[in-house]
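Take a look at the structure set out below.
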Amino acid sequence: MAGAAGYVELLSRCGEARAISRIQAALVTSGRLRRSVELHDALIRALSRSARPHLAHPLYAHLLRAGLLPTPHTLPSLLKSIALSPAATPGAAALAVAVHAHAVKLGLERFLLVSNALIRVHAGILGRLDDGLLLLRTASAVDAASFNTLITAYARAGRAADARKLFDEMPARSAVSWSAMVNGYVQAGDGREALEMFAQMQAEGVCPDDTVLVGVLAACAQHGALEQGKWVHGYLKAHGTRITVFLGTALVDMYAKCGEVQLAMDVFEAMKDKNVLAWTTMIKGLAIHGRGSEALTLFSQMESSGVRPDDIAFIGALCACTHAGLVDKGRELFDSMVRKYGIKPKIEHYGCMVDLLARNGLLGEAKEMIQKMPMKPDALIWGALMAGCRFHKNVELAEYVVKHWILLEPDKSGAYVLLANIYAASGRHNSAREIRHLMREKGVDKTPGCSTVEIRGIIHQFIVGDLSHPRIKDILTKWHEIDSRIRLQEGYIPDKKEVLLDIEEEEKDDALSRHSEKLAIAFALIITSDNMPIRIVKNLRVCHDCHHVTKLISKVYGREIIVRDRTRFHLFKDGSCSCKDYW
DNA sequence: ATGCCCTTAC
């Protein structure tokens, strides 16, 4: 039998959880473990680096029961094992708190290794970010990893500004730090700032790694920044980088969300390892381009290739049905999810079904689905049903929906705006006005429409009614020209049904003409003279008038215009749209 | 130490 030192040496080389557990059992049986802190340390350390780090937790209790005192080495390993445990590990959070208290009692919490491990536990499993920050500020020394962990944790919590503060005060920033920050902005939905961050990273000569490029691609996808996304792809090719499943999926997503579904497909087909995320990304990519049946074919291919769809893959497939009006197929999928795969539908799946049914005019069935579903409907569910009411001009049901929706989101404007829209579109202008007064009383604001257009790698942003653009005079002049040409050649009459403002008719024309996508298209027509397609990304869905106008512009000006709205794509060409007027 | 897909509406 080897001595304690031999076991310690053996454990330091052992990475396999089951083998470690066997050694542990032998040490317990021989009574050796009870006498040695070093053996506890070695076991905890080995387990913390294995695939089952949570197996280290009971060892701490064992150590204390044996009357042994933890060393400065015990605590960091144990804390690491806690930080890496599966999220649902019972008692992990309580153990973390106990270990922290113990560290304080023993006067160990300011040791470099201990304090860094504590920061990671606070930022991770305990979710107590500000406590982690306090530790970071009071520790005698802090490593870069702790900064990076806290930055990531703040970013994940949607506190990008706090993450940025830490980033700025870091003594030395590595590619990991930049990556944490870029991805932080992406998670906060601020792709623009993420790209800005990446530009700075390059300016400082830091070599980008896979992870940051995944983040940059996600930022491009979010922002519709095709040219920058293509640049990343070119960079990867130029450096001969292996396209991992992470990079491949990010590329597919970027191309699809930037309107280049064929390029997305090319990358997808070249990927050797396709996991369920990769398949789902491509399925959703086809879906948002209205290519529902191809998306569903892909779903079947995924199944026959042996990749098991998960709950999110079903969301992608149901979404494909919604965008292509494939109601029966959607119902079939929803059933097969339970029957074939035993996946219990979540509220998201009910959301897809309500959307699918409601958008296709089956409002009664959609309402029934909500009444039958086993969970309480959330704002998304009501929003989906409401969108159907708007599409099919059902005032009565809309009023019912709003009552429920407003209880869930009393401070948000979504329900009010939609109801006012439905009233206005049905000619009930007094009711629409009442809603507007109510909104003003409650102090809720409508999210302003915002469109961006990427021209020669620069992203230009337009907000509805915003006349502060430096070239606004040229833009309005251009709009005037567009307006008269489409009136003259195509008989355009502005569709003012959904304009809610209490204003004169000519002013309604102005209000419509200042929708953000119209400003963006006019601007793009001014500064691009070639036949390059115009690519617009909008934060909301396109209104009927803008949809109509864009069709006419594509014909009169002989330009392809690709508009990505909140949820899908519209490719306008020769006077018609790829969505077949269904959105 | 960091990274990929995920339902409504505004």
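No hydrogens, no waters, no symmetry mates; every other heavy atom, side chains included, goes into these values. Given the structure is predicted, the values throughout are model-derived calculations rather than measurements. Convention: sequence-line order gives letters A, B, ...; per-chain numbering from 1.
- The salt bridge (charged side-chain N to carboxylate O under 4.0 Å, His left out) check on Arg291(A) picks up Glu294(A), with sequence neighbours excluded.
- Using a 4.0 Å heavy-atom cutoff across all strands shown, Thr567(A) reaches sugar-phosphate atoms only and no base atom.
- For the segment residues 359-385 of chain A, the set of residues with a heavy atom within less than 4.0 Å of an atom of DNA chain B comprises Arg359(A), Ala379(A), Leu380(A), Gly383(A), Ala384(A), in numerical order.
- By the salt bridge (charged side-chain N to carboxylate O under 4.0 Å, His left out) test, Asp168(A) pairs with Arg164(A), sequence neighbours left out.
- Partners of Glu303(A) under the salt bridge (charged side-chain N to carboxylate O under 4.0 Å, His left out) rule, at least two apart in sequence or in another chain, are Lys340(A).
- Remark: Phe147(A) engages no residue in a ring-ring contact (aromatic ring centres under 6.0 Å, His included) (not counting sequence neighbours).
- Residue Arg120(A) is classed as having no contact, given no heavy-atom separation below 4.0 Å to the nucleic acid.
- Protein chain A touches strand DNA chain B; the 5'-most and 3'-most nucleotides with an atom under 4.0 angstrom of its non-hydrogen atoms are dA1(B) to dC10(B).
- Residue-level contact check: Val354(A) touches neither bases nor backbone, having no heavy atom under 4.0 Å from any strand.
- Counting only residues at least two apart or in different chains, salt bridge (charged side-chain N to carboxylate O under 4.0 Å, His left out) contacts with residues 351-365 of chain A comprise Arg331(A)-Glu365(A), Asp355(A)-Arg359(A).
- Lys230(A) pairs by the salt bridge (charged side-chain N to carboxylate O under 4.0 Å, His left out) definition with nothing, not counting sequence neighbours.
- Take Glu193(A) and apply the side-chain hydrogen bond (donor to acceptor under 3.5 Å, both in side chains) test, not counting sequence neighbours, and it matches no residue.
- The side-chain hydrogen bond (donor to acceptor under 3.5 Å, both in side chains) check on Ser451(A) picks up Ser516(A), with sequence neighbours excluded.
- Two rings, from Phe198(A) and Trp178(A), have their centers 6.0 Å or more apart.
- Near DNA chain B, meaning a heavy atom under 4.0 Å away, the residues from residues 176-185 of chain A are Val176(A), Ser179(A), Asn183(A).
- Residue Arg156(A) is classed as a sugar-phosphate contact, given heavy-atom separations below 4.0 Å to backbone atoms only.
- Here Leu540(A) lies in heavy-atom contact (under 4.0 Å) with a base.
- Contacts of Thr281(A) with the nucleic acid, taken as non-hydrogen atoms under 4.0 Å apart, involve only primed sugar atoms and P, OP1 or OP2.
- Nucleic acid contact class of Ile347(A) (heavy atoms, under 4.0 Å, all strands): base.
- A distance-only check finds no donor-acceptor pair linking the side chain of Arg564(A) to the backbone of Gly259(A) [under 3.5 Å].
- Residue pairs meeting the ring-ring contact (aromatic ring centres under 6.0 Å, His included) criterion with at least one partner in residues 257-278 of chain A, sequence neighbours excluded, are Phe268(A)-Trp279(A).
- Within the 4.0 angstrom heavy-atom criterion, only backbone atoms of the sugar-phosphate kind lie near Lys257(A); the bases stay farther away.
- Among the protein residues, Ala387(A) comes within range of the sugar-phosphate backbone only, with heavy atoms under 4.0 Å from sugar or phosphate atoms but none that close to a base.
- Looking at heavy-atom distances under 4.0 Å, Ser413(A) makes no contact with the nucleic acid at all.
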